[in-house]
Amino acid sequence: MNEIYESYLFEKHILVHRTVSGEKDSPFETVFALANLFGIRILSGHALAEEHMIRLASAELGQDVPEPFYRGFPESVRKLSPNKLLFDQLFHYTVTYGFGDFSKPGHSLYEGDFEKDFERTAFKEKTEVREFRIVTEEEALHLLGEMVDGLLAGTRPLSDRQYELVKSFLLETDHPISFIASKNTAVRLLLDTRSLRFADTLYLSDVIRLTDRMNYQIYGRTDLRKLNLRNQDRKLIAQVIDHLLEAGRCDLRTCYEKKKLWNGLLHHLHYKPKTPEGRAFTDAMRGKGNESVYSEFERAMEDRSVSEAARILRESKGSGAVLRNLNYLISRCESEAGIQEVLSCIDSKNTIVLLQLLFQYGNYKGAGEKRTFCFTKYEKMKIYTETEQEAAVRKSVLSGETVHFLEEEIRSRLERLLKNRLGKVYIAPEMWRYALPIQETASQGGFGVLTRGTRIPIPVGKKLRAFTYWEKVDDIDLSVFGIDSKGCETEFSWRTMAGKQSKAITYSGDETSGYNGGSEYFDIDFKEFFTSYPDVRYLVFCNNVFSGLNFSQCVCRAGFMLRDTKDSGRIYEPKTVQSAYTVNCESTFAYLFGIDLETNEMVWLNMSRNGVIAVAGDTGMKFLTDYFHLPEVLKVGEFFRLMATELVEDPAEADVVVTDQPIEVPEGVEVIREYDFERMLALMN
């Protein structure tokens, strides 16, 4: 069984019995070890338990995690004076960076005899039981096939984790492909496999997208005007062009929009058309004329023919183009009837489009408010915030009344579209705190990962212990940033913690020589923190590689535990881990998660940021607070309520049960969990 499959299924609380494992059968011992070490209870398939499942759980949840700089953390840190903490850090820096000694992890000079002074008590905290089931390989492959179908049905780009699953599964099995809804996914598969079957859902204009991806992924370049492709790559692009022309998938007017790029690409390929259709296309791209849809669109806008402009976009480029220009169009409408005409040009049968609109207008920034744009490209997020001058001169501004009207209209369309899809549905109360998975492209994957914006209550009497641990790189930094209601930030990091260590927030120390294994932690005691920092509303946890490598070039995991405020056991206790995921993005910086101190909830962020950022404090964080309110627009519970023919209070009466709680249901009833992103994506299409 492919390791990618086993790891992915582990996230879904599923273990796989290998048909030929070569291991001695020891189901009872394995089941006992899983329960004792990781708090995993096997619900079904006990007789299929195998020893390799212990190793898998250890890899996913962490077992032999490296010790931090302060091995007596958190107690020992609070006993040291600011001067000793600062000297520890300076001395360690002198050794590692001054003398270049990265040979072994450094530790505090002031903790004394670690083994003697900081002997830990036995672990005795109460933890939640994780319920898993064990399936055969045949059952696992069937489940994976359903997940892959759900991911391919989604129009949104996939995260790296999801994409690797899809690619591996399609290459290693004879799983049929009915349709690939996302052009981003189709282009990635086409480039990685060099198989033209993945071009069947593309159009000729998408060749520019393919070339852009190739230029970045293979050559590390982002400027399509300066191509220098190898012969084998030029041949692939030429084959794709011929294939699409032969299939009649030539959207000429859309190609006109990037005529200069097409001209340069055709010249670089030394492309020679083989058919009359190909000659017509190349002549159009190399000629002087330009029949771009947007030229006609702008002429209509200048004539104040807004509905005609929207119609031109819809008929020539589809409703997605209308969506991208929606604010521009609606800001020029003079009545609600005009707005209705524009909205009629949007595909009301596309759930994702309607959901995107709902989120857009649920977080709309009005006149004079600075907008932050988050662009995702190459599975990384790029962020731009308007200047005050740009916000002041923005022309496509909608009034509060118009935004409210749009929200109501879009929600009404969404209700009509989703109505009566699922029959009788039971929705657990907890499912109203989860966000929908519609913008997870730049996310990392692993156990316990939830959709961006999801809120998880933190039990009273528990503190949060954030962690990161790594290998194959010297210095990774974990940091925390407090944000108040005005957007002002308070930094808690290796640069500031010498004077801020307390019971409210405790840092395990800056490990700068962790190539063979390093770790860092932050403890947050919510009651104490709220008292010490009453103005801070949100906390944001970040991870960055100070050494300058991308996360993809090392081995790094991050996540959080919920621990008793009175510690017992080791610093890292797998039973208390709520989430542990791999940080492997092609960048040096990742946002992990946040805390809403007013509601005492953990909020999922999980985003990789574009650019080489070595110090977390050099970036602004205020824009992240928008993600703290994503579930307020449309929650998972509301999504399933809209699809229900009838809501029932008894799971035994339901056709579909939506819950994050342990539950037994009659045979034939579908259970959808908070981590079943693939099923949710499939239902959105």
Side-chain angles (χ1 to χ4, degrees), residues 359 362-366 368-372 374 381 383 385-386 388 391 432-435 439 450-466 478-493 495-497 499-507 521-544 558-560 562-563 565 578-579 589-607 609 616-635:
F359 283 108
N363 294 287
Y364 184 78
K365 296 291 191 297
E369 294 183 277
K370 292 190 292 184
R371 296 174 297 177
T372 296
C374 299
M381 179 185 296
I383 297 151
T385 301
E386 285 182 319
E388 292 185 4
W432 295 81
R433 66 190 183 212
Y434 293 100
Q439 47 181 351
L450 296 170
T451 49
R452 191 170 305 148
T454 290
R455 288 173 168 259
I456 303 297
I458 298 170
V460 176
K462 293 285 186 180
K463 66 179 177 181
L464 182 138
R465 178 168 294 173
L478 182 66
S479 53
V480 187
F481 289 82
I483 305 175
D484 65 18
S485 58
K486 298 180 180 178
C488 298
E489 298 173 8
T490 303
E491 180 177 341
F492 303 94
S493 73
R495 302 194 296 185
T496 66
M497 285 306 297
K500 293 182 179 177
Q501 300 276 19
S502 66
K503 189 176 180 181
I505 181 167
T506 314
Y507 174 49
Y521 300 81
F522 267 97
D523 267 11
I524 309 290
D525 184 313
F526 301 102
K527 183 178 179 181
E528 295 284 344
F529 192 95
F530 198 77
T531 301
S532 300
Y533 300 93
D535 294 332
V536 174
R537 168 69 191 274
Y538 304 112
L539 294 177
V540 173
F541 292 77
C542 306
N543 222 15
N544 64 279
F560 70 100
L562 291 181
R563 303 292 298 265
T565 51
Q578 304 299 301
S579 180
F589 192 88
Y591 300 108
L592 303 178
F593 44 83
I595 302 292
D596 187 333
L597 292 167
E598 189 172 287
T599 62
N600 211 43
E601 293 174 310
M602 199 283 291
V603 185
W604 269 103
L605 298 174
N606 189 15
M607 298 178 282
R609 179 163 179 167
D618 292 345
T619 68
M621 307 278 177
K622 185 178 183 299
F623 79 96
L624 290 169
T625 58
D626 287 345
Y627 293 98
F628 281 70
H629 303 288
L630 279 179
E632 296 174 8
V633 180
L634 188 71
K635 305 175 178 69

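In what follows, residues are counted from 1 in the order of the sequence shown. Basis for what follows: all heavy atoms, side chains included, without hydrogens, waters or symmetry-related copies.
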Exercise for the section: Begin from the C-alpha positions of Val603 and Thr454 and carry the test side chain to side chain contact (heavy atoms under 4.5 Å, CB included) through to its verdict. Expected result: CA-CA 6 Å; Val603 185; Thr454 290; over 6 Å; no
With sequence neighbours excluded, tell me which residues meet side-chain hydrogen bond (donor to acceptor under 3.5 Å, both in side chains) with [X].
X: Tyr507; value: Glu520
X: Ser579; value: none
X: Asp523; value: Lys463, Arg465
X: Glu598; value: none

Among all residues two or more places apart in sequence or in another chain, which pass the salt bridge (Lys or Arg N to Asp or Glu O under 4.0 Å) test with [X]?
X: Arg609; result: none
X: Asp525; result: none
X: Lys500; result: none

Practice task
Taking all heavy atoms of Leu539 and all of Gly482, pick out the closest pair and write down the distance.
Solution key: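 In terms of heavy atoms, the two residues are closest at CD2-CA, 3.8 Å.
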Exercise for the section: Of all the heavy-atom pairs spanning Phe522 and Ser479, show the shortest one and how long it is. Expected result: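 Scanning both residues, the minimum pair turns out to be CE1-CA, 3.8 Å.
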Problem - Any Ile483 side-chain heavy atom under 4.5 Å of Cys488 side chain - result: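 Sidechains of Cys488 and Ile483: no contact.
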Exercise for the section: Would you mind reporting whether Val536 and Phe530 have side-chain heavy atoms less than 4.5 Å apart? Expected result: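 A side-chain contact under 4.5 Å is absent here.
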Practice task
Please identify each residue that fulfils side chain to side chain contact (heavy atoms under 4.5 Å, CB included) with Pro534, with sequence neighbours left out.
Solution key: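 Not a single residue meets the side chain to side chain contact (heavy atoms under 4.5 Å, CB included) criterion with Pro534.
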What's the spacing between [X] [atom1] and [Y] [atom2] if we round to 0.5 Å?
X: Leu450; Y: Leu605; atom1: CG; atom2: CG; result: 12.0 Å
X: Leu592; Y: Met602; atom1: CG; atom2: CE; result: 10.5 Å
X: Phe492; Y: Ser502; atom1: CZ; atom2: OG; result: 8.0 Å
X: Met607; Y: Arg452; atom1: CE; atom2: CZ; result: 5.0 Å
X: Leu464; Y: Ile456; atom1: CG; atom2: CD1; result: 12.0 Å
X: Phe526; Y: Ile505; atom1: CZ; atom2: CD1; result: 10.5 Å

Practice task
Would you please say whether a donor-acceptor pair under 3.5 Å links the side chains of Arg455 and Thr599?
Solution key: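 Thr599 and Arg455 do have a side-chain donor-acceptor pair below 3.5 Å.
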Handout entry: Check: Tyr591 ring centroid to Phe481 ring centroid under 6.0 Å
Key =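 Ring centroids of Tyr591 and Phe481 are no less than 6.0 Å from each other.
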Problem - By ring-ring contact (aromatic ring centres under 6.0 Å, His included) - contacts of Phe541 (at least two apart) - result: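 Counting only residues at least two positions away or on another chain, Phe541 forms a ring-ring contact (aromatic ring centres under 6.0 Å, His included) with Phe593.
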Problem - Thr451 side chain vs Ala435 backbone, donor-acceptor pair below 3.5 Å - result: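 Looks like yes, one N/O pair under 3.5 Å.
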Exercise for the section: Only pairs at least two apart or in different chains count here, so list each side chain to side chain donor-acceptor pair (under 3.5 Å) that has a residue in residues 526-537. Expected result: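 For residues 526-537: Arg537-Asp596.
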Problem - Criterion side chain to side chain contact (heavy atoms under 4.5 Å, CB included) on Ile524 and Ile595, from CA distance to verdict - result: CA-CA 10 Å; Ile524 309 290; Ile595 302 292; 5.9 Å; no
